[in-house]
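One structure below.
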Amino acid sequence: MRINHRLRWAAFPLAATLVIVLAGCTQAQLHGYLPGFEEGQPAVTNQTERVAGLWTTSWIVLLIVGIITWGLILWAVIVYRRRKGQTGLPVQLRYNMPIEIFYTIVPLILVVGFFAFTVRDQIAIESRFENPDVTIEVQAKQWAWDFNYVNEDVYSAGVQAQADPDGEPGARLEDELPTLVLPVNQKVEFKLESRDVIHSFWIIDFLYKKDIIPGKTNYMSVIPERIGTYAGKCAELCGEYHSLMLFNTKVVSQADYDAYIQSLRAAGNTGQIDNDFNRQQNLPGTGAPTAQEGK
């Protein structure tokens with residue numbers, strides 16, 4: 001009874017300290033130092049809070065489990081250490097039923113909990129909009145990106161990374177990077193296609209990426225909620241110049257988005273980039289002849 005009374009009084013200062021520490025955390029600390037968050041600014045997309053919440057909560061739970069585990073290990077090492085003058089072996093126990101049950105139930109609860117929350121968030125993130133405001137087809141290629149603005153029937157084409165005259169991969173200049181322009185607060189659906197090998201579409205501050213697989217169309221739905229410029233890249237090793245497969249994403253106002261679409265039309269970028277340059281023409285179902293062994 002006395003021990004429980006002491007623990008109760010010890011819990012109050014610990015809880016108060018925890019509240020004070022959390023109250024003083026910055027946005028970066030509260031979101032596990034993930035990109036996409038700034039003081040006094042909304043999250044970059046409608047899903048970044050969800051992704052960050054899953055990430056930070058998982059780490060908090062794992063840190064608590066780690067602290068308890070290491071604490072029990074150190075406690076056993078210190079309390080049950082061999083004292084001076086002791087000989088022989090300590091009393092050997094075949095098993096301890098309460099501890100066996102504890103070590104079985106707790107990991108099971110953790111696994112089920114992580115699975116349940118991950119599935120909940122994954123379903124929400126992967127759900128496609130019934131009527132997206134903007135549909136963009138992303139064409140990944142070694143080593144750049146093409147963007148088809150489907151609703152507006154215009155496109156922008158990225159210049160593929162090239163070797164410099166000495167045969168080494170050169171750094172991509174900022175104005176050479178493909179630019180993806182998105183209207184703020186609009187439902188955007190990405191239709192992800194590959195012309196050659198497996199790529200991965202990753203806008204870093206969106207905290208989500210999606211593989212682009214030849215012969216398969218993947219989709220990604222998101223609502224950009226903060227105006228700004230965000231870096232993007234391929235997150236799947238896709239060949240020699242993979243590190244140069246970069247792009248910029250600009251989230252702009254609706255008026256600026258309309259002006260950008262008009263600038264593409266004025267530049268003659270009307271229509272859609274198709275799969276004429278697809279290097280996977282012999283995929284099953286394309287009707288193209290399949291290369292034979294040894295030829």
Heavy atoms of H199 and V197 approach each other most closely as CD2-O, 3.1 Å
What pair of heavy atoms forms the shortest contact from S243 to L246, and how long is it? O-CD2, 3.6 Å
Sorted by chain and number, sequence neighbours left out, ring pair (Phe, Tyr, Trp, His ring centres under 6.0 Å) with F201 holds for W145, F190, F247
V222 and I203, any side-chain heavy atoms less than 4.5 Å apart: no
Which residue pairs pass the salt bridge (Lys or Arg N to Asp or Glu O under 4.0 Å) test when at least one of the two sits in residues 62-83, sequence neighbours left out? none
Less than 4.5 Å apart, side chain to side chain, heavy atoms only: is that true for E225 and N46? yes
With rounding to the nearest 0.5 angstrom, report the OH to CD distance, Y155 to Q272. 10.0 Å
F114 side chain reached by L62 side chain, heavy atoms, under 4.5 Å: yes
Show which side-chain atoms of residues 255-262 pair as donor or acceptor with protein atoms under 3.5 Å away, not counting sequence neighbours.
residue, atom, partner, partner atom, Å
D256, OD2, S253, OG, 3.3
Y257, OH, E152, OE2, 3.1
D258, OD1, Q254, NE2, 3.0

Checking N151, L182, N148 against I136 for side chain to side chain contact (heavy atoms under 4.5 Å, CB included), the one that qualifies is L182
Between K209 and A235, the two heavy atoms sitting closest are CD-CB, 3.8 Å
If you group Ile, Leu, Val, Met, Phe, Trp and Tyr by side-chain heavy-atom gaps below 4.5 Å, do Y230 and I223 land in one group? no
OH of Y219 to CD of E137: how many Å apart, nearest 0.5 Å? 9.0 Å
Shared ILVMFWY cluster between L237 and I213, side chains joined below 4.5 angstrom? no
Shortest non-hydrogen contact from V252 toward V181: CG2-CG1, 3.7 Å
What pairs with D153 under salt bridge (Lys or Arg N to Asp or Glu O under 4.0 Å), at least two apart in sequence or on another chain? none
Calculate, to the nearest 0.5 Å, the distance between atoms CG and CH2 belonging to L72 and W70 respectively. 12.0 Å
Quick one, I212 and S200 - any side-chain contact, counting heavy atoms below 4.5 Å? no
What heavy-atom pair brings P98 and N96 nearest, and what distance separates the two atoms? CD-OD1, 2.9 Å
Contact between V134 and P183 at the side-chain level, heavy atoms closer than 4.5 Å - yes or no? yes
Using the rule that two of Ile, Leu, Val, Met, Phe, Trp, Tyr join whenever any of their side-chain heavy atoms come within less than 4.5 Å, decide whether I99 and Y80 are in one cluster. no
In terms of hydrophobic clustering (I, L, V, M, F, W, Y; side-chain heavy atoms under 4.5 Å; direct or indirect links), are F129 and I125 co-clustered? no
Residue pairs passing the salt bridge (Lys or Arg N to Asp or Glu O under 4.0 Å) test with at least one member in residues 115-126, sequence neighbours excluded, are R50-D121, E126-K210
Atom pair CG/CD of D211 and E236 - distance to nearest 0.5 Å: 5.0 Å
Please lay out, stage by stage, how K141 and I273 fare under the test side chain to side chain contact (heavy atoms under 4.5 Å, CB included). CA-CA 12 Å; K141 59 187 181 182; I273 297 176; over 6 Å; no
Looking at every non-hydrogen atom in both residues, tell me the closest pair between G239 and Q142 and how far apart they are. CA-NE2, 4.2 Å
Nearest-0.5 Å distance that lies between atom OG1 in T69 and atom OH in Y103: 7.0 Å
Verify same cluster id: W59, V65 (apolar side-chain graph, 4.5 Å): no
Evaluate T45 against Y208 for side chain to side chain contact (heavy atoms under 4.5 Å, CB included), listing each step before the verdict. CA-CA 10 Å; T45 76; Y208 200 68; over 6 Å; no
Can you tell me how far CE of M220 sits from CH2 of W202, rounded to the nearest 0.5 angstrom? 11.5 Å
Among residues two or more places apart or on two chains, list those pairs meeting side chain to side chain donor-acceptor pair (under 3.5 Å) that have a residue in residues 180-190. R128-E189
Within-4.5 Å side-chain heavy-atom neighbours: C238 and W143: yes
Go through the steps for S156 and Y149 under the test side chain to side chain contact (heavy atoms under 4.5 Å, CB included), then give the verdict. CA-CA 8 Å; S156 66; Y149 297 84; 4.1 Å; yes
Taking it one step at a time, do Q47 and L207 satisfy side chain to side chain contact (heavy atoms under 4.5 Å, CB included)? CA-CA 8 Å; Q47 299 292 3; L207 301 186; over 6 Å; no
Side-chain contact test, heavy atoms from C-beta onward, threshold under 4.5 Å: evaluate it for F117 versus L54 and give yes or no. yes
